[in-house]
Novice: 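Starting off with a structure, shown below.
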Amino acid sequence: MQKRKLGSTDLEFTTIGLGTWAIGGSGWAYGWGSQDENDSQRTILEALSLGINWIDTAAVYGLGRAETIAGKALKQAKQPVYIATKCGLIGAKNGKAIKPCLRQASVIKECEESLRRLNVEVIDLYQIHWPMPPEEIEEGFAALLRLKEQGKIRWAGVSNFSREQLAQISPLGHIASLQPPYSLLRRDVEKDSLDWCAEHRCGVVAYSPMQCGVLTGKVTAEWVASLADDDWRKTKLEYLQPEKLPCVISLVDRLREIAAKTGHNPAQLAVAWVLRRSEVTSAIVGARKPGQIREIIAAADWTLGAEDLTEIENAYQDFLSRSN
Ligand SMILES: NC(=O)c1ccc[n+]([C@@H]2O[C@H](COP(=O)([O-])OP(=O)(O)OC[C@H]3O[C@@H](n4cnc5c(N)ncnc54)[C@H](OP(=O)(O)O)[C@@H]3O)[C@@H](O)[C@H]2O)c1
């Protein structure tokens with residue numbers, strides 16, 4: 001699988017990384033319903049066997065569960081794997097409330113806990129999960145730089161930061177990477193910060209390239225109804241709500257036709273579309289069952305042609321005009 005260098009770091013990431021949000025399972029505010037741990041382990045090992053060389057996780061996913069599972073899988077890996085995790089969102093004991101905190105002492109404590117759960121001595125890429133509270137982002141990034149000096153993390157990155165927020169913390173030290181949402185349904189980063197990242201040699205690891213599964217081609221009203229009540233997508237993901245769902249389904253039908261011309265499917269198209277941008281180092285694809293990431297992997301070696309890109313853009317513009 002192709003690799004791209006993460007900004008000016010020494011990390012060479014495969015163009016698909018494995019995301020572990022859903023692997024965090026249920027029991028917290030943004031859980032994806034119940035998740036079988038055996039499936040999670042097999043999914044991670046499948047990703048590694050396909051050549052994926054990095055995993056994205058976060059302390060908050062399942063309130064530590066995803067990191068623990070990733071740590072166990074890493075011990076069985078047959079080749080070196082980079083681990084990226086995130087800090088700054090603290091889960092309350094009841095699992096429902098999430099409190100943002102970027103105070104230095106809190107970030108340092110979180111890092112120690114992540115190192116223990118992941119069972120590693122150093123985290124390859126440590127990221128601030130959200131720029132919240134906004135008045136603490138400089139303190140939080142300074143804490144990451146301190147952890148780097150101490151050898152606890154190799155590179156310091158951020159997620160969900162705007163261009164202004166990147167510019168605000170950048171004088172403190174080099175930002176290794178930005179992790180923004182980026183999919184055919186969420187394109188804000190194209191206008192906001194991709195050029196900033198290229199100019200500042202800041203890598204870009206794009207999250208939710210299939211918009212939390214919405215662009216995989218399986219979504220119907222029945223599928224939404226079948227989601228577990230504690231799968232956050234059922235009530236909180238705007239693209240699955242009744243006012244947006246028909247337009248989303250029409251868009252995916254168009255993507256299916258475009259993809260089929262070269263023997264691909266909409267999920268692969270969604271990921272290949274994100275990877276068309278040279279500023280993007282890697283797309284973080286989430287998977288929770290064996291077979292899912294195996295199906296997507298072809299996207300890593302699919303360069304969309306000019307005609308496909310025009311048709312995709314037309315489909316997207318039609319979607320915009322119908323959904324607004
Ligand atoms: N920094 C942040 O704030 C942030 C936010 C979001 C995500 N992320 C990171 O980015 C990763 C990826 O994002 P994501 O998990 O939201 O979304 P995604 O990659 O757009 O979608 C992943 C989901 O799609 C479904 N899926 C995957 N492969 C499939 C296949 N072949 N056929 C059918 N369905 C399939 C699975 O859920 P079902 O089977 O349940 O449908 C899977 O969990 C996360 O895991 C996380 O590491 C970071």
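All heavy atoms count here, side chains included; hydrogens, waters and symmetry mates do not. In listed order, ligands and their atoms are each counted from 1.
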Novice: When you compare ligand 1 with Met210, is there at least one nitrogen or oxygen pair between them that comes in under 3.5 angstrom?
Specialist: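 For ligand 1, there is an N or O atom that lies under 3.5 Å from one belonging to Met210.
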Novice: Which is closest to atom 29 (C) of ligand 1 in terms of heavy atoms, Lys86, Gln35, Gln292?
Specialist: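 When every heavy atom of Lys86, Gln35, Gln292 is considered, Gln292 comes closest to atom 29 (C) of ligand 1.
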Novice: Which bit of Lys218 is near ligand 1, meaning a heavy atom under 4.0 Å away: side chain, backbone, both or neither?
Specialist: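 Side chain only; the backbone of Lys218 stays clear of ligand 1.
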Novice: For ligand 1, indicate whether the residue Tyr182 contacts it via side chain, backbone, both or neither (heavy-atom separation under 4.0 Å).
Specialist: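 Answer for Tyr182: neither.
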Novice: Does ligand 1 have an atom under 4.0 Å from some heavy atom of Cys212?
Specialist: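 So Cys212 counts as touching ligand 1.
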Novice: Of the listed options (Gly24, Ala267, Gly286), which comes nearest to atom 23 (C) of ligand 1 when hydrogens are ignored and any heavy atom counts?
Specialist: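 Looking at heavy atoms only, Gly286 sits closest to atom 23 (C) of ligand 1.
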Novice: I need the contact type for Ser159 against ligand 1. Using non-hydrogen atoms and a strict under-4.0 Å cut-off, is it side chain, backbone, both or neither?
Specialist: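 Contact part for Ser159 vs ligand 1: side chain (C-beta onward).
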Novice: Using heavy atoms and a threshold below 4.0 Å, how should the contact between Asn160 and ligand 1 be classified: side chain, backbone, both, or neither?
Specialist: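 The side chain, only.
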Novice: Below a 4.0 angstrom heavy-atom separation, can you tell me which part of Ile293, side chain or backbone, both or neither, approaches ligand 1?
Specialist: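 It is neither part, as no heavy atom is under 4.0 Å.
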Novice: May I ask you to identify, for Thr216, whether its side chain, its backbone, both or neither come under 4.0 Å of ligand 1 on a heavy-atom basis?
Specialist: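 The answer is the side chain.
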Novice: Give a yes/no verdict on a cation-pi contact between Arg187 and Tyr316, requiring under 6.0 Å between NZ or CZ and the six-membered ring centre and an angle within 45° of the axis.
Specialist: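 Yes, Arg187 lies over the aromatic ring of Tyr316.
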Novice: Tell me, which protein residue and heavy-atom name are nearest atom 2 (C) of ligand 1, and how many Å apart are they?
Specialist: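 Ranked first by proximity to atom 2 (C) of ligand 1 is Tyr207 CE2, 3.2 Å.
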Novice: Does a salt bridge link Glu190 with Arg163, judged by any charged N lying under 4.0 Å from a carboxylate O?
Specialist: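 Result for this pair is no, no salt bridge flagged.
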Novice: Specify the protein heavy atom at minimum distance from atom 16 (O) of ligand 1: its residue, its atom name, and the distance to 0.1 Å.
Specialist: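 Answer, as residue, atom name and distance: Ser208 OG, 2.7 Å.
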Novice: Once you restrict to heavy atoms under 4.0 Å, what part of Arg233 touches ligand 1? Side chain, backbone, both or neither.
Specialist: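 Looking at Arg233 and ligand 1, just side chain atoms fall under 4.0 Å.
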Novice: Are side-chain N/O atoms of Ser26 and Gln35 paired as donor and acceptor at under 3.5 Å?
Specialist: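 No - no donor-acceptor pair under 3.5 Å links their side chains.
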